[in-house]
Amino acid sequence: MSTPKEKRSPPFQMRLTDGFRQQLEEEMRKDGDTALASWIKRILRKELQARGQNPKG
């Protein structure tokens with residue numbers, strides 16, 4: 001079952017050089033993740049928590 005469109009967050013586009021993307025994908029795989037976007041969101045949530053903020057998403 002999919003999420004209704006009005007509940008989805010808008011996409012966030014990011015330009016990554018090939019080399020940087022490869023580095024990120026290597027680290028993502030080391031952590032056991034399968035999608036770069038999910039890995040990046042997890043890392044960002046962790047950073048917010050380290051700064052004393054509660055991630056809202």
What residues form a side-chain hydrogen bond (donor to acceptor under 3.5 Å, both in side chains) with [X], not counting sequence neighbours?
{"X": "Glu27", "result": "Lys30"}
{"X": "Gln23", "result": "none"}
{"X": "Arg51", "result": "Glu47"}
{"X": "Arg45", "result": "none"}

_Among residues at least two apart in sequence or on other chains, which ones pass salt bridge (Lys or Arg N to Asp or Glu O under 4.0 Å) with Asp31?_
Arg42

*To which residues is Trp39 joined in a hydrophobic cluster, defined by side-chain heavy-atom contacts under 4.5 Å among Ile, Leu, Val, Met, Phe, Trp and Tyr, whether direct or through other members?*
Phe12, Met14, Leu16, Phe20, Leu24, Met28, Leu36, Ile40, Ile43, Leu44

